Asks: 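Next up is a structure, given as structure tokens.
No hydrogens, no waters, no symmetry mates; every other heavy atom, side chains included, goes into these values. Each residue takes its place number in the sequence, starting with 1. Just so we're clear, the structure is a prediction, and the values are computed from it rather than from any experiment. Each ligand, and each atom within it, is numbered from 1 in the order the structure gives.
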Amino acid sequence: MSKNRVKKEIHLEHSSLKFPLPEGLLKELSAELHSMNEYPSGDDYDTLRTKLAEYTGTPADNILPANGSDEVIEAVTRAFGSKLILIPVPTFSQYEVSANRNGFKKKLVPCLKGYHYQLNYSRDDLKQASLVWICNPNNPTGSPIQREDIINILNDSPGIVVVDECNYEYLGETVVDLIDEFPNLVVSRSFSKNFGLAGFRLGFALSSPRNIHEIAHYCQVFRVNRMAEAAGCKVLKYLDYFQKIWQEIALVREYFISGMKGIGIEVFPSRSNFVLADFVTEEKTRRAWQYLREKNVFTCPAWGEECTGLGKNFIRFTISNKEEMGLVLRLLTDFQKTILE
Ligand SMILES: Cc1ncc(COP(=O)(O)O)c(C=O)c1O
């Protein structure tokens with residue numbers, strides 16, 4: 001095993017779902033191909049918004065479907081970011097990328113103490129900012145953010161606070177219910193990580209109708225293509241199928257975390273579908289990443305484009321099934337031995 005490459009490539013670099021889509025959904029979507037000569041629905045995605053309203057328990061007027069939650073990030077930045085943007089690092093890179101693209105002022109606020117990630121915004125920063133980012137659970141650490149911390153930030157912020165819940169389905173905690181109470185709250189969700197629709201590019205924003213209108217101003221009219229619209233409407237019928245997968249991923253994640261600790265590699269406690277591992281030095285991290293690549297296992301290194309503000313000593317592993325994660329653990333056990341040789 002140690003000398004051999006894994007037969008089938010194992011792709012753990014992106015945090016998309018590593019499980020197949022349900023056959024029934026694929027059949028339904030194949031039938032949809034016949035209508036691809038038409039534009040998406042011209043009623044501002046009414047049917048899709050109604051389905052999302054049922055799923056989130058939020059009225060349809062509070063929902064804006066978008067071309068992936070990446071589009072939400074860009075549109076929200078353009079709508080609200082012109083004064084000052086606060087970004088809690090390490091975190092998902094696109095908040096900073098969008099700030100830079102639009103030439104907006106930003107402040108990266110360090111939030112990591114050892115393996116503990118805690119939002120660290122000062123009252124003063126919050127007072128100055130027009131846009132504040134919170135990623136829950138945080139990418140790449142997988143850390144959950146406490147609801148009280150989010151509420152405190154909402155209370156202290158005159159600007160817009162976005163809670164990026166694109167991995168909500170793994171955490172199971174949301175602040176969507178606070179939208180009426182806090183007119184400065186925007187929640188962002190995705191179909192990429194949880195429902196396996198990363199290739200379709202489907203996400204959505206939830207906020208007051210006023211904010212939704214403001215954000216929509218920076219999006220195209222037909223921002224969600226017709227196939228993605230159909231996929232979003234149909235996929236929620238298969239909720240049971242996906243819920244089983246989310247449960248399985250949580251179990252395999254814990255198996256992987258304890259396996260990593262067992263071979264002496266520190267990891268962050270995670271409530272997401274990925275685990276961030278600390279390889280201590282940049283040299284060892286690069287060797288581990290290369291070692292895995294040579295064995296056909298592809299992972300997300302800290303020096304890639306996924307994250308802002310992460311040192312070079314980390315690799316993020318997206319959780320797949322137990323068999324694949326077991327293979328990765330065995331390879332890393334061998335790798336640890338090569339380091340000692
Ligand atoms: C925290 C976070 N937000 C947003 C996104 C973008 O997701 P989408 O595929 O919906 O554009 C990602 C993708 O990795 C992410 O990790």
Asks: Does NZ or CZ of R189 fall inside the cone over Y168's six-membered ring, less than 6.0 Å from its centre and within 45° of the axis?
Replies: yes
Asks: List ligand 1 atoms under 4.0 Å from S192, heavy atoms only on the residue side.
Replies: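 Those qualifying, in numeric order: 8 (P), 9 (O), 10 (O).
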Asks: For R147, is there an ion pair with E173 - N to carboxylate O distance below 4.0 angstrom?
Replies: no
Asks: Please work out whether any backbone atom (N, CA, C, O) or any side-chain heavy atom from C-beta onward of N139 is under 4.0 Å from ligand 1, and answer side chain, backbone, both or neither.
Replies: side chain
Asks: Please answer whether the main-chain N or O of S192 pairs with a side-chain N or O of S190 as donor and acceptor at a distance below 3.5 Å.
Replies: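 It does hold such a pair.
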Asks: Below 6.0 angstrom between ring centroids: does that apply to F279 and F314?
Replies: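 No, too far apart.
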Asks: Any nitrogen or oxygen of N167 lying under 3.5 Å from a nitrogen or oxygen in ligand 1? Just yes or no.
Replies: no
Asks: Out of S16, S93, C166, S15, who is nearest to atom 2 (C) of ligand 1 when you count heavy atoms only?
Replies: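 Selected option, by shortest heavy-atom distance: C166.
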Asks: For atom 14 (O) of ligand 1, what is the closest protein heavy atom, and at what distance to 0.1 Å?
Replies: K193 NZ, 2.7 Å
Asks: Could you find the nearest protein heavy atom to atom 6 (C) of ligand 1 and give me its residue, atom name and distance?
Replies: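 The closest one turns out to be D70 OD1, 3.2 Å.
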Asks: Y95 to ligand 1: N or O pair under 3.5 Å?
Replies: no
Asks: Please report which non-hydrogen protein atom sits nearest to atom 3 (N) of ligand 1, along with the residue it belongs to and the distance in Å to one decimal place.
Replies: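 Closest protein heavy atom to atom 3 (N) of ligand 1: D164 OD2, 2.6 Å.
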Asks: So which bit of E71 gets within less than 4.0 Å of ligand 1, heavy atoms only: side chain, backbone, both or neither?
Replies: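 Neither; nothing of E71 gets under 4.0 Å from ligand 1.
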Asks: With sequence neighbours left out, which residue pairs that include part of residues 241-265 fulfil the salt bridge (Lys or Arg N to Asp or Glu O under 4.0 Å) condition?
Replies: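 Passing the test, one end in residues 241-265: no pairs.
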Asks: Nearest non-hydrogen contact with atom 7 (O) of ligand 1 belongs to which option: A66, S69, G68?
Replies: S69
Asks: Determine, considering heavy atoms only, which of E306, R201, R189 sits nearest to atom 11 (O) of ligand 1.
Replies: R201
Asks: Quick one: nearest non-hydrogen protein atom to atom 12 (C) of ligand 1, plus distance?
Replies: F92 CZ, 3.3 Å
Asks: Could you see which bit of C135 sits under 4.0 Å from ligand 1, with heavy atoms only: side chain, backbone, both or neither?
Replies: side chain
Asks: When you measure from the heavy atoms of Q94 to every atom of ligand 1, does any distance fall below 4.0 Å?
Replies: no
Asks: Checking N273 against E169: is there a side-chain donor and acceptor pair closer than 3.5 Å?
Replies: no
Asks: Donor-acceptor pairs under 3.5 Å, side chain of residues 126-137 to any protein atom, not counting sequence neighbours: which ones?
Replies:
unit_1, atom_1, unit_2, atom_2, d
K127, NZ, D156, O, 3.2
S130, OG, F80, O, 2.9
S130, OG, K83, N, 3.1
S130, OG, L84, N, 3.2
S130, OG, L84, O, 3.3
N136, OD1, I145, N, 2.7

Asks: Could you check whether N138 and S143, counting side-chain N and O atoms only, form a donor-acceptor pair closer than 3.5 Å?
Replies: no
Asks: Give the intermediate values and the outcome of side-chain contact (heavy atoms from CB on, under 4.5 Å) for residues D61 and R49.
Replies: CA-CA 8 Å; D61 285 349; R49 283 191 301 124; 4.0 Å; yes
